[in-house]
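Worksheet: the structure to be examined is printed underneath.
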Protein chains: 2
Amino acid sequence: MIKETKENIKQKEKDEFRDQILDSALNLFAAKGYSNTSIEDIKRKSNISTSRIYGQFKNKQTIAKALYVDLARRMDDSLCEIARTNTTVRERMRAVVDLMFDLTEQAPDVMRFLLLSRHQEFLLDGELQGCTPPFDKVKDIIMKGIKTGEIRRIDSLLVDGCFQGIIIRTIELRLDGTLEKPLDRYFNDVWSLVWSAVEAI
Amino acid sequence: MIKETKENIKQKEKDEFRDQILDSALNLFAAKGYSNTSIEDIKRKSNISTSRIYGQFKNKQTIAKALYVDLARRMDDSLCEIARTNTTVRERMRAVVDLMFDLTEQAPDVMRFLLLSRHQEFLLDGELQGCTPPFDKVKDIIMKGIKTGEIRRIDSLLVDGCFQGIIIRTIELRLDGTLEKPLDRYFNDVWSLVWSAVEAI
DNA sequence: GTCTATACGCCGATAGAC
DNA sequence: GTCTATCGGCGTATAGAC
């Protein structure tokens, strides 16, 4: 029993370290990119020694992969939740935009890392450890909309690309400071652009 | 006279080397990114020795900058030409999409480098040697359209972002192989999405 | 003037000191 | 078990050989 508690505490500490490392790595990857971030950078920012870092992760690539899988899963969960709690395709898409804009303001680094970084740099091997790409769910929503007639009958890849293009580009403009106000201030206009593009008739 | 000819030939050779270096660099930057491309890579691909490369360019950053300025200028020229030879905003925007799609098929590496690479990596210093960002002209076209009433009265930054977002994302999908057919086959659908989004009433 | 060999610094990863 | 000192490798840039 005592031993178990002891190990639990140890495990908790380990998890804390892990989180600190991932937090710092996320921050650095988002700012400078994967290749331009060194273990030394991560060490300095997280105040965790090199050996501890290598104790937690096999190598630098593993850190980026873990981050990606973790964040992509959370994104996917949120999108599933949206698909579940809304009925019309229009409502679902609105909720997606709302979520993305909100996330951009709340956790800009997450969006920088998920949307704007070259995943190819650390995901060379195709397999994503059973992790679905973060926006597959959006495509599903759109395909359903085409079937039900809520969305225009155009190749779903194109409609999906259009939707993601508008949203991602807008977020990019916000993240680089071109858009000066929080994204919710632009929501109505952006949503109007999106919906005009894709709604049926 | 003879000397002049001699020097001309020499100059031509130099220019040829320069072009070969830039060609190879473009190819590599587009495929692997700036940071992951080494001088050794450029040397191998161009069959030009290290010393010759450093004879032409001060350092690696200079190569990327030269490429960027060169390509951005050409893009800007094309966009000016489009603004000149078309009258309505609709026609101009159509021509822009057409140009971008065509360029993607003809010179995919150029588009990869101009649209999808982290310019921040080699353009840290703000000054671009008197080179306008490649798509400023598009924003001008759109602003004019808003004034004349051809385009919806929405913050021009958002409309511009919407337009660029759709186009760039579509190009990205083509470049990564998701879209299997040449882009001209998708032109009508994409243009329809774009124009539905931005046209006034 | 052209190329090859090398200096120098940085990074990822480890192994040995405490 | 932790940390720090270091190793090997690579990448940029240069300096010296031809």
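Order of the sequence lines fixes the chain letters, A, B, ..., with proteins taken first and strands second; residue numbering starts at 1 for each chain. These numbers were taken from a predicted model, which means no experiment stands behind them.
- You'll find that the side chain of B/S38 is closest to D/dT12, out of C/dT14, C/dG12, D/dT12.
- A/R169 contributes no side-chain N or O that, together with a main-chain N or O of B/G161, makes up a donor-acceptor pair within less than 3.5 Å.
- Annotation: salt bridge (Lys or Arg N to Asp or Glu O under 4.0 Å) contacts involving residues 27-36 of chain A, sequence neighbours excluded, comprise A/K32-A/D41.
- Note on A/S51: a base of the nucleic acid sits closer than 4.0 angstrom, heavy atoms only.
- A straight line from CD1 of B/I39 to P of D/dT14 spans 11 Å, rounded to a whole angstrom.
- Between A/K43 atom NZ and D/dA5 atom P there is a gap of 9 Å when expressed in whole angstrom units.
- The separation between B/I42 atom CD1 and D/dA13 atom P is 10 Å, rounded to whole Å.
- Contacts classified as salt bridge (Lys or Arg N to Asp or Glu O under 4.0 Å) and involving residues 143-154 of chain A (residues at least two apart or in different chains) are not found.
- By the 6.0 Å and 45° rule, B/K60 stacks over the aromatic ring of B/Y34.
- B/D41 has its CG atom 7 Å from the P atom of D/dG11, to the nearest Å.
- Listed nucleotides D/dA13, D/dT2, C/dC3 differ in distance to A/R52; the shortest reach to its side chain belongs to D/dT2.
- Between the C1' atom of C/dG9 and the CD atom of A/E40 lies a distance of 14 Å, rounded to the nearest Å.
- Atom NZ of B/K45 sits about 13.0 Å away from atom CD of B/Q20, to the nearest 0.5 Å.
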Which atoms of nucleotides 16-18 of chain D (N or O only) lie under 3.5 Å from a protein N or O atom, and what are those distances?
none

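- Looking at heavy-atom distances under 4.0 Å, A/S35 makes no contact with the nucleic acid at all.
- Here D/dG11 presents its P atom at 12 Å from CG of B/L28, a figure rounded to the nearest Å.
- Counting only heavy atoms from C-beta on, B/Y54 has its side chain closest to D/dA13 among C/dG12, D/dA13, C/dT14.
- Ring centroids of A/F122 and A/F113 are separated by less than 6.0 Å, placing the two rings close together.
- B/Y34 places its OH atom 11 Å from the C1' atom of D/dG11, with the value rounded to the nearest Å.
- Distance check, rounded to the nearest 0.5 Å: SG of B/C162 to CD1 of B/I142 gives 8.0 Å.
- Where A/T50 and B/T37 each meet DNA chain D at their nearest nucleotide, the meeting point lying more 5' is that of A/T50.
- Look at CG on A/N59: it is 20 Å from P on D/dG8, rounded to the nearest Å.
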